[in-house]
Amino acid sequence: MVARRGAARVRWNRAVAVVRDLEERCATPAELLQRVVNSLAIEMFAGLASDGGSKVRMLLTCVDALPDGSSHDMTRSEEGISYAIDLGGTSFRVLKVELGAGSTIINRKVEHQPIPENLTKGTSDDLFNFIASALKNFIEREGGEVEGRALGFTFSFPVRQTSISSGTLIRWTKEFSIEEAVGKDVAQCLNEALARNGLDMKVNVLVNNTVGTLALGHYYDEDTVAAVIIGAGTNACYIERNDAIIKSLGRVTNSERTVVNVEWGSFRPPQIELTPYDICFNNETWNYYDQGFEKMISGVYLGEIARLVFQKMAQESDIFGTAVDGLSTPFVLSTPNLAAIREDDSPDLREVGKILEEHLKLPDVPLKTRKLVARVSDIITRRAARLAAAAIVAILQKIGCDGTLCGSTQVRTMRGVRRRTVVAIEGGLFEGYSVFREYLNEALVEILGEEIAATVSLRVMEEGSGTGAALLAAAYSSARQKNSE
């Protein structure tokens with residue numbers, strides 16, 4: 001009996017050692033986060049200097065004006081209904097936005113539509129036909145008219161913008177892999193699908209989800225300077241001075257500023273050690289060498305990182321019992337599952353046990369093991385949130401809103417009149433996971449200091465990416481009509 005207890009203790013200690021090793025590898029003290037901030041800011045400067053000169057693409061969006069937060073100057077004359085399609089993950093949304101006097105949003109209708117997995121790896125015609133058909137059905141159910149309606153298209157994958165209403169796909173991210181679509185004008189693909197489905201409308205504005213979120217954020221508050229998505233994927237955009245965009249000097253524009261799409265998912269901070277569980281090292285995803293930053297932060301991947309840790313724990317010990325085949329299925333554990341594990345505050349961690357049994361086929365897991373599982377979830381969540389905070393600060397540092405002298409590494413101090421900065425945020429991971437938000441806000445204070453952090457406001461924009469696209473579509477459609485008169 002003593003020997004069995006000793007052997008069990010040894011096996012338990014091996015599982016604990018796996019978790020301790022993970023915790024050490026995932027540590028993100030404030031000094032380390034500041035180095036990540038500096039690295040990303042440097043990459044942003046390089047990306048603005050030349051195409052291909054940086055790990056982040058710094059894509060120019062052709063959006064050089066945004067709805068104004070106080071007077072709505074940009075869309076003052078726009079009234080009526082516009083539509084939007086928001087594609088960026090395993091589901092997409094169709095939206096109807098009605099603008100009243102003064103371009104006030106008086107009504108909004110949103111429908112979510114899951115995308116069958118086969119369409120994410122099929123042909124572009126199949127995918128865009130499916131989207132166009134969903135929009136047609138939505139308009140018919142709403143009893144709306146099509147002719148003359150503005151359409152915004154939120155397409156949340158890297159695109160090289162050729163105009164406000166067109167852009168070629170650079171590459172797929174997340175779990176999409178329709179290779180023949182790469183290099184195509186995605187707005188034109190949708191326009192052709194709309195025509196095939198009998199819809200007399202075309203894309204007026206092509207944006208990604210960050211730009212749509214920024215547009216809605218700026219509509220409500222003119223102090224909004226950036227937008228961040230923290231959901232299935234992660235990315236950001238911000239308002240940049242045209243004279244800071246070296247690679248586009250001489251470009252004709254109607255404004256002194258342009259919205260820049262950072263594409264920070266491809267950033268690989270050299271200061272952050274990749275663990276054996278970060279799926280950049282595994283071949284379970286088709287783009288396993290890419291999107292390293294996104295894979296440490298976003299909702300598609302965090303649950304999978306946890307599963308890989310649990311699998312290693314099972315290999316090192318018997319803490320989950322002997323029936324552990326459920327741990328070998330990639331992506332069986334979702335990030336909402338991970339959040340539910342971390343946020344279970346019941347004395348016996350009942351929800352943790354339920355998730356382990358239902359999703360990983362691990363019945364009757366002892367309480368002390370459930371506590372270890374919750375600890376793993378906390379470690380992965382904390383690293384993700386703190387890295388997201390560092391990325392947000394990098395944008396603030398790039399545009400001089402972080403208390404330093406425009407990207408210097410000097411100590412952050414208040415200078416002159418206190419300046420308020422708003423960052424619009426959308427995404428289920430941030431909106432629906434309270435512990436993630438707490439860790440992110442905590443890291444912002446650690447990096448910026450309390451005085452500067454108090455000037456930064458993170459404002460959630462519900463359905464921002466689609467609603468913002470509809471607002472921009474109405475505005476740019478009206479502008480084109482005026483110019484043609």
Look up atom [atom1] in [X] and atom [atom2] in [Y], then write down how far apart they are to the nearest 0.5 Å.
{"X": "Y277", "Y": "I379", "atom1": "OH", "atom2": "CD1", "result": "10.5 Å"}
{"X": "I85", "Y": "T154", "atom1": "CD1", "atom2": "OG1", "result": "9.5 Å"}
{"X": "L135", "Y": "Q113", "atom1": "CG", "atom2": "CD", "result": "11.0 Å"}
{"X": "I305", "Y": "T335", "atom1": "CD1", "atom2": "OG1", "result": "8.5 Å"}
{"X": "H112", "Y": "L95", "atom1": "NE2", "atom2": "CG", "result": "8.0 Å"}
{"X": "I395", "Y": "Q397", "atom1": "CD1", "atom2": "CD", "result": "11.5 Å"}

Going by heavy atoms in the side chains, are [X] and [Y] under 4.5 Å from each other?
{"X": "L99", "Y": "N107", "result": "no"}
{"X": "F430", "Y": "L458", "result": "yes"}
{"X": "S39", "Y": "F267", "result": "yes"}
{"X": "N208", "Y": "V159", "result": "no"}

For [X], side chain to side chain contact (heavy atoms under 4.5 Å, CB included) partners two or more places apart:
{"X": "S50", "answer": "none"}
{"X": "A244", "answer": "E240, R241, K398"}
{"X": "A232", "answer": "V300"}
{"X": "S457", "answer": "V422"}

Could you work out, with salt bridge (Lys or Arg N to Asp or Glu O under 4.0 Å) as the rule, every residue matching [X], not counting sequence neighbours?
{"X": "K312", "answer": "E316"}
{"X": "D51", "answer": "K247"}
{"X": "R57", "answer": "none"}
{"X": "D325", "answer": "none"}

- Tell me, yes or no, whether the heavy-atom count around K202 atom NZ, taken from other residues, nucleotides or ligands under 6.0 Å, exceeds 12. no
- Item | CD/E462: more than 12 non-hydrogen atoms of other groups inside 6.0 Å | no
- What pairs with Y238 under ring pair (Phe, Tyr, Trp, His ring centres under 6.0 Å), at least two apart in sequence or on another chain? none
- Query: What pairs with F128 under ring pair (Phe, Tyr, Trp, His ring centres under 6.0 Å), at least two apart in sequence or on another chain?
  - Reply: none
- Residues S54, E43; criterion side-chain hydrogen bond (donor to acceptor under 3.5 Å, both in side chains); working and verdict: CA-CA 5 Å; S54 169; E43 293 292 341; 2.8 Å; yes
For [Y], does its backbone N or O pair with a side-chain atom of [X] as donor and acceptor, under 3.5 Å?
{"X": "S156", "Y": "N209", "result": "yes"}
{"X": "W172", "Y": "I178", "result": "yes"}
{"X": "Q311", "Y": "R307", "result": "no"}
{"X": "N204", "Y": "L151", "result": "yes"}
{"X": "Y219", "Y": "I105", "result": "yes"}
{"X": "N235", "Y": "E263", "result": "yes"}
{"X": "N337", "Y": "G303", "result": "no"}
{"X": "N129", "Y": "D125", "result": "yes"}
{"X": "T120", "Y": "E117", "result": "yes"}

- For S124 and K184, what are the C-alpha separation, side-chain angles and deciding distance, and is it a side-chain hydrogen bond (donor to acceptor under 3.5 Å, both in side chains)? CA-CA 9 Å; S124 58; K184 287 185 177 181; 3.3 Å; yes
Considering all heavy atoms, the nearest [X]-[Y] contact:
{"X": "I341", "Y": "S377", "value": "CG2-OG, 3.2 Å"}
{"X": "C62", "Y": "Y476", "value": "O-OH, 4.0 Å"}
{"X": "A388", "Y": "L440", "value": "CB-CD1, 3.9 Å"}
{"X": "L338", "Y": "Y433", "value": "O-OH, 4.0 Å"}
{"X": "V63", "Y": "L472", "value": "CG1-CD2, 4.4 Å"}
{"X": "V228", "Y": "A236", "value": "CG2-CB, 4.0 Å"}

Indicate yes or no: does [X] engage [Y] in a salt bridge with an N to O separation below 4.0 Å.
{"X": "E304", "Y": "K295", "value": "no"}
{"X": "D126", "Y": "K121", "value": "no"}
{"X": "K354", "Y": "E357", "value": "no"}

- Task: Output every pair passing salt bridge (Lys or Arg N to Asp or Glu O under 4.0 Å) with a member in residues 330-344, not counting sequence neighbours, ordered by first then second residue.
- Result: R342-D378
- Item | Residue pairs fulfilling salt bridge (Lys or Arg N to Asp or Glu O under 4.0 Å) with at least one residue in residues 89-99, sequence neighbours excluded | D86-R93, R93-E426, R93-E463, K96-E142
- Just one of T258, T224, L214 clears the side-chain contact (heavy atoms from CB on, under 4.5 Å) bar with I239, so which one? L214
- Return the orientation label for the F157 and F155 ring planes: parallel under 30°, perpendicular over 60°, tilted otherwise. tilted
- Message: Show, in sequence, the C-alpha distance, side-chain angles and deciding distance for S82 and R149, and conclude whether the side-chain hydrogen bond (donor to acceptor under 3.5 Å, both in side chains) test is met.
- Response: CA-CA 6 Å; S82 58; R149 299 302 187 194; over 6 Å; no
- Task: Go through the steps to decide whether R383 and D278 satisfy the test salt bridge (Lys or Arg N to Asp or Glu O under 4.0 Å), and finish with yes or no.
- Result: CA-CA 12 Å; R383 182 185 68 164; D278 288 311; 2.6 Å; yes
- Report the C-alpha separation of L274 and R268 in whole Å, then their side-chain angles, then the decisive distance to 0.1 Å, and conclude whether the side-chain contact (heavy atoms from CB on, under 4.5 Å) test is met. CA-CA 10 Å; L274 290 175; R268 286 290 292 269; 2.7 Å; yes
- Message: Could you go through I115 and F176, starting from their C-alpha distance and side-chain angles, then the distance that decides it, and tell me whether this counts as side-chain contact (heavy atoms from CB on, under 4.5 Å)?
- Response: CA-CA 11 Å; I115 299 176; F176 282 74; 3.9 Å; yes
- Item | Verdict with supporting geometry, T210 and T213, side-chain hydrogen bond (donor to acceptor under 3.5 Å, both in side chains) | CA-CA 5 Å; T210 64; T213 300; over 6 Å; no
